[in-house]
Amino acid sequence: MDCIQFNDVTFAYPPVPGDLDAEGKQIIPASVFSHFSGSIPSAFTSLIGPNASGKTTFMMLAAGRLIPQEGACTLFGQNIALLSQEEKNKAASVIYQNMEFESNEKVFSLLNFVYSNGTFAANAKALRSANSSLLEECIQVFELDKLLDRGLKELSKGELQRVLLAFSLLYGSASVFMDEPMFAMENKQKESALSYLKEFSSKTGTPIFISMHELDLTRRFAEKVMLFYPDRTIDYGSPEEVMTKEDLEKAYGVPLAMLKSAEDMTREELQQTAQAISQLQGK
């Protein structure tokens, strides 16, 4: 059975009040997906592509956090939109950039709460040691040992992202969706986290879908890749099949040589560069 199935899905974000065009008329956002159908199997999958190409929307629809206006999104054969919030949480954990929390509870207390109240019920073994729990292993792998006595609001962005990575695994959801979860982490931490996430996906059979802009990390760690184009078409396959020079340049709208040196560019900078090249080509 495929993990994700989109059946004739149409989705558009609602208009933003006060967002008017030059003539003073309300701007109606275009559909992100229009009668889109497709299926994705279980794997450790990286979603790549330029900003606003639909990566985040795809994951939020698949995880049931957004509901399509038409069609249906199924996860493990269930229409995710019809599930209760608790059932959605058990089916899919979701983490994304800039998550905000009101609580300033201590990190260890929150980690233990998530671990105890999810599907694992505080009873999951570590992947790499028969003498440790999954909680102990996540604390080690994501370098959380020095953060355990600190409040959630006291953490830096990179520290918070590492805690969120642990949350996403410790709850024990059947699948995990991550929207650029490592944007504020150091390179060694990203590599260590991706290695463990891939191992977790393989050993537990948990499909993990992760979007990130570091193409080199996708090549090194992803089992499968979804390449999103600005026109909302999607290529799917292994990194070798999908991440060709021609297809990457087509998707991002910039030469591959620039993409290789753009790992540290912000998405806004990359988009501005692509627009500038397009304008020059149009002259």
- [ ] May I ask you to decide if Asp8's main-chain N or O and Ser37's side chain share a donor-acceptor pair within less than 3.5 Å?
- [x] yes
Task: Asp145 CG to Asp149 CG distance, which is reported to the nearest 0.5 Å - done: 10.5 Å
Open item on the list: Do Met59 and Met178 have side chains that approach each other closer than 4.5 Å (heavy atoms only, starting at C-beta)?
Closed with: no
Task: hydrophobic_cluster_shared for Phe113 and Val94, side chain cutoff 4.5 Å - done: no
TODO: With the side chain counted from C-beta on, respond yes when Leu147 and Ile139 share a heavy-atom pair under 4.5 Å apart, and no when they do not.
DONE: no
Task: Audit row: Leu47, Thr56, side-chain contact (heavy atoms from CB on, under 4.5 Å) steps and yes/no - done: CA-CA 9 Å; Leu47 287 73; Thr56 298; over 6 Å; no
Open item on the list: Test: ring pair (Phe, Tyr, Trp, His ring centres under 6.0 Å). Region: residues 27-68. Which pairs qualify, not counting sequence neighbours?
Closed with: Phe6-Phe36, Phe6-Phe58, Phe33-Phe36, Phe58-Phe228
Open item on the list: With rounding to the nearest 0.5 angstrom, report the CE to OG1 distance, Met243 to Thr218.
Closed with: 5.5 Å
Open item on the list: Please determine whether a side-chain nitrogen of the Lys or Arg among Lys55 and Glu180 lies less than 4.0 Å from a carboxylate oxygen of the Asp or Glu.
Closed with: no
Open item on the list: Quiz question: by atom type and distance under 3.5 Å, do the side chains of Ser129 and Asn131 form a donor-acceptor pair?
Closed with: no
Open item on the list: Taking OH in Tyr229 as the centre, count heavy atoms belonging to other residues, nucleotides or ligands within less than 6.0 Å. Is the count above 12?
Closed with: yes
- [ ] Please list, chain by chain and in numerical order, all residues satisfying salt bridge (charged side-chain N to carboxylate O under 4.0 Å, His left out) with Lys245, sequence neighbours excluded.
- [x] Glu249
- [ ] Look at the aromatic rings of Phe177 and Phe209 and report parallel, tilted or perpendicular, splitting at 30° and 60°.
- [x] parallel
- [ ] Compare all side-chain heavy atoms of Tyr252 with those of Ser53 and state whether any distance is below 4.5 angstrom.
- [x] no
Open item on the list: Please evaluate residues Lys106 and Leu148 with respect to the criterion side-chain contact (heavy atoms from CB on, under 4.5 Å), reporting the C-alpha separation (whole Å), side-chain torsions for both, the decisive distance (0.1 Å), and the verdict.
Closed with: CA-CA 6 Å; Lys106 302 301 182 184; Leu148 298 179; over 6 Å; no
TODO: Indicate yes or no: at least one non-hydrogen side-chain atom of Asp247 is less than 4.5 angstrom from one of Val242.
DONE: no
Open item on the list: Within the supplied structure, the quantity of interest is the number of heavy atoms (other residues, nucleotides, ligands) at a distance under 6.0 Å from Lys90 NZ; does it exceed 12?
Closed with: no
- [ ] Evaluate the side-chain proximity of Cys3 to Leu75: yes if any heavy-atom separation is below 4.5 Å, no if none is.
- [x] yes
TODO: Output the distance between atom CG (Asp2) and atom CD1 (Ile40), rounded to the nearest 0.5 Å.
DONE: 8.0 Å
Open item on the list: Is it the case that atom CD in Glu86 sees more than 12 heavy atoms from other parts of the structure closer than 6.0 Å?
Closed with: no
Open item on the list: Side chains of Ser109 and Glu105: any donor to acceptor distance under 3.5 Å?
Closed with: yes
Open item on the list: Whether the side chain of Thr45 engages the backbone of Val225 through a donor-acceptor N/O pair (distance < 3.5 Å, no angle test) should be reported.
Closed with: no
Open item on the list: Between Tyr236 and Glu241, is there a side-chain donor-acceptor contact under 3.5 Å, judged purely by atom types and distance?
Closed with: no
TODO: Flag the pair Arg220 and Glu191 as a salt bridge only when some basic side-chain nitrogen lies within less than 4.0 angstrom of an acidic carboxylate oxygen.
DONE: yes
Open item on the list: On a heavy-atom basis, which atom in Leu227 and which in Ala251 lie closest, and how many Å separate them?
Closed with: CD1-CB, 3.8 Å
Open item on the list: Ignoring hydrogens, what is the shortest heavy-atom contact between Leu127 and Lys203? Give both atom names and the distance.
Closed with: O-NZ, 3.5 Å
- [ ] Could you tell me which non-hydrogen atom of Lys88 sits nearest to which non-hydrogen atom of Leu83, and how far apart they are?
- [x] CE-O, 3.4 Å
TODO: Without swapping roles, check the side chain of Gln69 against the backbone of Ala12 for a donor-acceptor pair under 3.5 Å.
DONE: yes
- [ ] Compare all side-chain heavy atoms of Leu111 with those of Leu135 and state whether any distance is below 4.5 angstrom.
- [x] yes
- [ ] Check whether any side-chain heavy atom of Leu134 lies under 4.5 Å from a side-chain heavy atom of Cys138, and answer yes or no.
- [x] yes
Open item on the list: Regarding Glu223 and Lys198, does a basic nitrogen lie under 4.0 Å from an acidic carboxylate oxygen?
Closed with: no
TODO: Determine, step by step, whether Arg150 and Glu159 satisfy the side-chain contact (heavy atoms from CB on, under 4.5 Å) criterion, reporting the C-alpha distance in whole Å, the side-chain angles of both residues, the deciding distance to 0.1 Å, and the verdict.
DONE: CA-CA 11 Å; Arg150 293 169 58 185; Glu159 291 168 342; 3.1 Å; yes
Open item on the list: For a quick check under 3.5 Å, do Glu87 and Ser84 share a side-chain donor-acceptor pair by atom type?
Closed with: yes
Going by atom type alone, with no hydrogens or angles, which donor-acceptor pairs under 3.5 Å involve a side-chain atom of residues 18-25 and a protein atom two or more places apart or on another chain?
{"unit_1": "Asp21", "atom_1": "OD1", "unit_2": "Glu23", "atom_2": "N", "d": "2.9"}
{"unit_1": "Asp21", "atom_1": "OD1", "unit_2": "Gly24", "atom_2": "N", "d": "3.0"}
{"unit_1": "Asp21", "atom_1": "OD1", "unit_2": "Lys25", "atom_2": "N", "d": "2.8"}

Task: Axial cation check for Phe183 ring with Lys157, 6.0 Å and 45° limits - done: no
Open item on the list: Test your reading of the model: is there a side-chain donor-acceptor pair from Asn7 to the backbone of Gly71, 3.5 Å cut-off?
Closed with: no
- [ ] Check whether any side-chain N or O of Arg128 sits under 3.5 Å from a backbone N or O of Ala126 as a donor-acceptor pair, and report yes or no.
- [x] no
TODO: Using the side-chain contact (heavy atoms from CB on, under 4.5 Å) rule, take Asn79 and Cys73 through it: C-alpha gap first, then chi angles, then the decisive distance, then the call.
DONE: CA-CA 6 Å; Asn79 186 334; Cys73 303; 5.8 Å; no
- [ ] Could you list the residues that satisfy side chain to side chain contact (heavy atoms under 4.5 Å, CB included) with Ile28, not counting sequence neighbours?
- [x] Pro15, Gln26
Task: Ser31 versus Thr10, closest heavy-atom pair with distance - done: OG-CG2, 4.0 Å
TODO: Grab the two heavy atoms, one from Ala43 and one from Lys224, that are nearest each other, plus how far apart they are.
DONE: CB-CG, 3.9 Å
TODO: Taking only Lys NZ, Arg NE, NH1 and NH2, and the carboxylate oxygens of Asp or Glu, determine whether Glu137 and Lys125 approach each other closer than 4.0 Å.
DONE: no
Task: Test item: Ser201 side-chain N/O and Leu197 main-chain N/O as donor-acceptor pair under 3.5 Å - done: no
TODO: Decide yes or no for Glu199 and Ser202: does some side-chain heavy atom of the first lie under 4.5 Å from some side-chain heavy atom of the second?
DONE: no
Open item on the list: I need the minimum non-hydrogen distance between Ser173 and Thr206, along with the two atoms involved.
Closed with: O-CG2, 3.9 Å
Task: Ser211 side chain to Asp179 side chain, donor-acceptor N/O pair below 3.5 angstrom - done: yes
Open item on the list: Using 0.5 Å steps for rounding, measure from the CG atom of Leu194 to the CD atom of Glu214.
Closed with: 8.0 Å
- [ ] Please name all residues satisfying side chain to side chain contact (heavy atoms under 4.5 Å, CB included) with Glu246, sequence neighbours left out, ordered by chain then number.
- [x] Thr244
Side-chain atoms of residues 162-172: list all donor-acceptor pairs with protein atoms under 3.5 Å, sequence neighbours left out, distances to 0.1 Å.
{"unit_1": "Arg162", "atom_1": "NE", "unit_2": "Phe142", "atom_2": "O", "d": "2.8"}
{"unit_1": "Arg162", "atom_1": "NH2", "unit_2": "Glu143", "atom_2": "O", "d": "2.8"}
{"unit_1": "Ser168", "atom_1": "OG", "unit_2": "Leu165", "atom_2": "O", "d": "2.7"}

TODO: Determine, using the 4.5 Å side-chain heavy-atom cutoff (strictly less than), whether Tyr13 and Met60 are members of one ILVMFWY cluster.
DONE: yes
Open item on the list: Is it the case that over 12 heavy atoms from other parts of the model lie below 6.0 angstrom from the NZ atom of Lys188?
Closed with: no
Open item on the list: Quick check against the 3.5 Å criterion: does Arg65 have a side-chain atom that pairs as donor or acceptor with the backbone of Ala63?
Closed with: yes
